[in-house]
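Every chain is numbered from 1, with letters handed out A, B, ... down the list of sequences.
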2 protein chains.
Amino acid sequence: VFSSENLEKSCLADRLAGLHTSAIRELFKLLGQPGLISLAGGFPDAGLLDAPGLALASQQVFETQASSALQYGATEGLPALREQLVQWLSHKQIRVQVDDLLITTGSQQALDLIGKTLINPGDVVLVEAPTFLATMACFRLYGAHLVGIPCDTDGVDVEALEAAIIQYNPKLIYLIPSFSNPSGAVCSLERRLKLLELAARYSAMWIEDDPYSDLYFDEPPPLSLFALSEQVPGSREKWLYCGSLSKILSPGLRIGYLIAPSWLQAKAVMCKQFADAHTSTLSQAIAAVYLGMGRMPSALSHMRLAYAQRAKTLVQALRQELGEAFLFMPPRGGLFVWGRWQGQETSAGWVQDSAWWNQRAIARGVAFVPGEAFFPQIPDKACLRLSFATASTEQLNQGVKRLAQALSD
Amino acid sequence: VFSSENLEKSCLADRLAGLHTSAIRELFKLLGQPGLISLAGGFPDAGLLDAPGLALASQQVFETQASSALQYGATEGLPALREQLVQWLSHKQIRVQVDDLLITTGSQQALDLIGKTLINPGDVVLVEAPTFLATMACFRLYGAHLVGIPCDTDGVDVEALEAAIIQYNPKLIYLIPSFSNPSGAVCSLERRLKLLELAARYSAMWIEDDPYSDLYFDEPPPLSLFALSEQVPGSREKWLYCGSLSKILSPGLRIGYLIAPSWLQAKAVMCKQFADAHTSTLSQAIAAVYLGMGRMPSALSHMRLAYAQRAKTLVQALRQELGEAFLFMPPRGGLFVWGRWQGQETSAGWVQDSAWWNQRAIARGVAFVPGEAFFPQIPDKACLRLSFATASTEQLNQGVKRLAQALSD
């Protein structure tokens with residue numbers, strides 16, 4: 001009577017109906033094959049993290065504040081960390097007070113708290129197409145109806161976005177304006193200012209997810225829309241900003257933060273209290289001490305140089321080996337190259353579908369992420385994402401050679 | 001047009017309608033007054049945590065596995081920690097495999113994942129009355145309708161519970177069978193077996209929240225219902241078990257775990273992926289190394305002795321100073337004394353309300369937690385919770401003296 005199948009059917013909450021294992025998760029199970037070069041990852045290179053600096057910070061925490069770092073802490077976050085982040089953000093023209101910051105367990109939790117506090121089942125959320133997978137899944141669990149807005153290398157199409165605002169009256173608009181995952185696109189300053197004007201004009205709340213802006217190669221992206229909102233009256237009160245230390249300090253610490261209007265922040269704090277009480281005090285204390293050491297700027301310079309070099313290697317290899325078969329814009333920061341197969345004649349006919357090509361590529365010993373999963377609705381199946389973050393020069397060159405072989409198989 | 005009030009009204013999700021700052025949170029703001037003795041806390045004593053052992057573990061993690069401990073990890077948790085926990089649990093007759101364990105960000109997150117995966121708005125959840133505040137708030141955010149079942153010092157009233165199962169057809173039943181927060185009650189072995197028979201008989205899923213069972217004074221509580229479910233066919237497949245390292249190793253690490261049937265575990269993993277990706281890998285690695293060191297049993301013995309001594313001090317002081325005015329059962333473990341004012345003639349008439357008495361007590365320089373907030377529906381306002389966990393002998397004696405003075409003011 002009470003078989004697993006029956007229990008599962010009778011017990012699971014309705015909100016899980018649309019929840020499936022992500023295509024990427026399934027893909028990753030295939031990546032164990034020996035010798036395979038994976039350009040499918042989304043991780044930063046652990047070898048570029050300042051482990052010695054974090055080891056020192058950890059030692060200092062245990063020597064000077066072990067009791068408090070091992071104890072429960074405030075849901076809002078450790079005051080010392082919030083103070084350090086206020087300092088850190090001020091260098092990016094983000095002027096906030098300690099109380100404006102809620103420390104979250106990775107910026108993924110900031111997204112979850114936004115979903116919990118704002119999304120009613122059926123609410124429309126506008127997102128860039130393509131956009132970050134885990135945001136879509138997270139918001140869908142709260143019943144969001146996601147609508148994709150077209151993008152180009154200068155970011156989201158502002159006119160299309162305004163038309164969608166008028167058509168759908170969305171509750172939320174979600175953007176990754178700097179070195180987006182997956183597209184690598186950077187929203188231009190001109191568009192940023194136009195977006196802020198839309199924010200002032202319409203009732204929707206806006207989310208700026210900004211984990212990558214410090215990972216620029218030659219020059220920083222434009223100021224964050226949050227920083228720019230000072231210049232556009234009526235926009236700041238609609239603006240939520242999600243930041244993270246995962247890409248620039250350490251993903252393993254799980255430290256992100258949310259900046260939101262105070263009425264929303266207060267509710268997010270309550271929801272966090274009942275979601276995980278607070279973020280690891282030990283992680284927070286280590287991050288606070290680390291930021292206070294002043295090592296971040298040089299660690300970041302080192303990281304930027306390495307990623308810029310790897311991006312350059314990948315871009316050159318793609319141009320040389322694939323030529324016109326793969327169209328893409330060279331990234332100016334972040335961790336990814338996003339592009340589009342132009343298609344090729346095969347025994348199965350003319351094929352553009354990147355999932356199909358990924359199977360071939362894996363057979364040749366290289367993997368990427370097919371683009372389909374990054375679209376909320378109608379996918380552009382010809383697109384794909386390549387990461388240069390964790391591969392060596394040799395792996396990047398060899399990996400692209402294998403891609404070329406897969407194309408000509 | 002877009003004032004904060006308007007935005008708040010138009011944007012906040014409906015699920016937040018019943019969410020208010022907890023009475024305890026408000027109370028804690030009053031506890032800053034100099035010289036006040038707080039028996040209101042819910043924290044373990046940070047001074048009893050094995051900080052030197054954790055410092056060693058942390059050092060070892062940075063020396064031997066810094067890269068992986070600072071990198072992203074699997075949503076399910078660090079394999080090394082899951083293996084150590086399997087070992088640890090086997091001493092408590094909990095026989096599980098690594099794959100049965102999902103590491104959560106504190107056991108609070110296990111509760112949140114249960115809410116997300118199982119609770120539809122309107123679903124009934126039966127809880128002990130009184131029960132843990134943050135569970136009620138967490139489940140209500142998913143739309144649960146909570147129904148309280150009476151308890152005594154032997155735990156939940158099994159007959160009343162069965163009647164409620166028949167009346168309400170609940171989705172979930174939530175229990176803290178060993179040294180409950182707030183009541184300190186221990187469910188007897190006899191009742192545990194009866195509860196497991198109910199689990200086998202009815203369709204509801206059951207949650208056993210078990211953060212305190214290692215904090216016994218003289219002898220361990222009966223085996224967990226999860227362990228006992230091996231003996232009652234048909235019960236294990238309904239059973240969810242939430243464990244935590246917060247009370248026995250360190251709350252600041254934020255490490256809990258969930259054991260659930262595989263169909264549910266798979267969904268909880270997906271929900272966790274979109275809630276915080278994974279629990280701090282650094283915290284997990286430190287906990288795994290610590291458990292591998294074999295220091296836990298002696299650290300726990302030390303902790304048990306200290307809490308037992310403090311509990312004894314508090315119990316003696318309460319008997320001596322308050323006598324018949326305050327009825328309670330001496331705790332056999334955990335962190336709390338739970339009891340009931342018998343009431344007293346005052347200038348405001350005969351008063352039993354513990355919130356009223358708490359105001360008087362605070363004026364006298366001592367604070368406790370009024371019991372009202374721990375009840376899902378009709379509260380017993382005469383009840384209150386005292387913690388002996390972080391107070392010295394002198395503070396406990398002095399605190400109770402002040403309570404007695406407040407009574408005779």
Side-chain angles (χ1 to χ4, degrees), chain A residues 2 4 7-8 10-14 16 19 21 43 46-47 49 51 54-55 58-59 62 66-73 105-106 108-109 112 116-120 134 137-138 141 171 203 205 234 237-238 250-254 261 263 267 270-271 273-277 279-283, chain B residues 2 4 7-8 10-14 16 19 21 43 46-47 49 51 54-55 58-59 62 66-73 105-106 108-109 112 116-120 134 137-138 141 171 203 205 234 237-238 250-254 261 263 267 270-271 273-277 279-283:
Chain A
F2 296 124
S4 296
L7 282 171
E8 180 168 356
S10 66
C11 291
L12 275 189
D14 298 338
L16 271 66
L19 185 68
T21 303
F43 292 9
L49 306 176
L54 286 163
S58 170
Q59 198 185 335
F62 275 102
S67 280
S68 60
L70 296 174
Q71 182 59 287
Y72 284 112
T105 305
Q108 186 67 44
Q109 190 187 41
D112 189 55
K116 205 176 239 183
T117 49
L118 293 180
I119 299 175
N120 280 322
C138 174
L141 277 168
K171 171 72 71 79
S203 66
M205 300 297 290
E237 49 261 49
K238 313 279 182 54
S250 152
L253 297 177
R254 307 307 301 126
W263 60 268
K267 300 293 182 182
M270 281 196 246
C271 286
Q273 197 186 348
F274 308 123
D276 67 359
T279 295
S280 166
T281 9
L282 181 61
S283 284
Chain B
F2 296 124
S4 296
L7 282 171
E8 180 168 357
S10 66
C11 291
L12 276 189
D14 298 339
L16 270 65
L19 184 69
T21 304
F43 292 9
L49 306 176
L54 286 163
S58 170
Q59 197 184 337
F62 275 102
S67 280
S68 61
L70 296 174
Q71 182 58 288
Y72 284 112
T105 305
Q108 185 66 43
Q109 191 189 40
D112 189 55
K116 206 177 239 185
T117 49
L118 292 180
I119 299 175
N120 280 322
C138 174
L141 277 167
K171 172 71 72 77
S203 67
M205 301 296 293
E237 49 262 50
K238 313 278 182 56
S250 152
L253 296 177
R254 307 307 302 127
W263 59 268
K267 300 293 182 182
M270 281 195 249
C271 285
Q273 197 186 346
F274 308 124
D276 68 358
T279 295
S280 166
T281 10
L282 180 62
S283 284

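- Taking SG of Cys271(A) as the start and CG of Leu141(B) as the end, the distance is 5.0 Å to the nearest 0.5 Å.
- Within the 4.5 angstrom heavy-atom criterion, atoms from both the backbone and the side chain of Ser67(B) approach chain A.
- Proximity to chain A (any heavy atom under 4.5 Å) is shown, for Gln71(B), by both the backbone and the side chain.
- Looking at Ala69(B), the atoms closer than 4.5 Å to chain A (heavy atoms on both sides) all sit in the backbone: N, CA, C or O.
- Residues Trp263(B) and Glu8(A) share a closest heavy-atom pair of CB-OE1, 3.3 Å.
- Interface remark: Leu49(B) contributes side-chain atoms only to the contact with chain A (heavy atom separation under 4.5 Å).
- Considering NZ of Lys116(B) and CG of Leu16(A), their distance stands at 9.0 Å, rounded to 0.5 Å.
- Distance CG/Asp276(A) to CG/Asp112(B): 8.0 Å, rounded to 0.5 Å.
- Taking chain A as the reference chain and counting heavy-atom pairs below 4.5 Å, the highest number among Ala55(B), Ala51(B), Gly47(B) is found for Ala55(B).
- If you measure heavy-atom distances from Ser68(B) to chain A, you find no contacts under 4.5 Å at all.
- To the nearest 0.5 Å, atom CE of residue Met270(A) and atom CG of residue Leu19(B) are 5.0 Å apart.
- When all heavy atoms of Arg254(A) and Tyr72(B) are compared, the closest pair comes out as NH1-CE2, 3.7 Å.
- To the nearest 0.5 Å, atoms CZ (Phe274(A)) and CD (Gln109(B)) are separated by 15.5 Å.
- Atoms OG and CD, from Ser58(B) and Gln59(A) in turn, are 9.0 Å apart once rounded to the nearest 0.5 Å.
- When each of Pro261(A), Ala277(A), Cys138(A), Ala275(A) is checked for heavy-atom pairs under 4.5 Å with chain B, Ala275(A) comes out on top.
- Side-chain contact, Thr105(B) with Thr105(A): no donor N or O sits under 3.5 Å from an acceptor N or O.
- Of all the heavy atoms in Met205(A) and Cys11(B), the pair that sits closest is CG-SG, 3.7 Å.
- Your options are Thr281(B), Leu282(B), Leu12(B), and the one with the most heavy-atom pairs under 4.5 Å with chain A is Leu12(B).
- Contacts with chain A were tallied for Ser10(B), Gly73(B), Ser203(B); Ser203(B) has the most, counting heavy-atom pairs under 4.5 Å.
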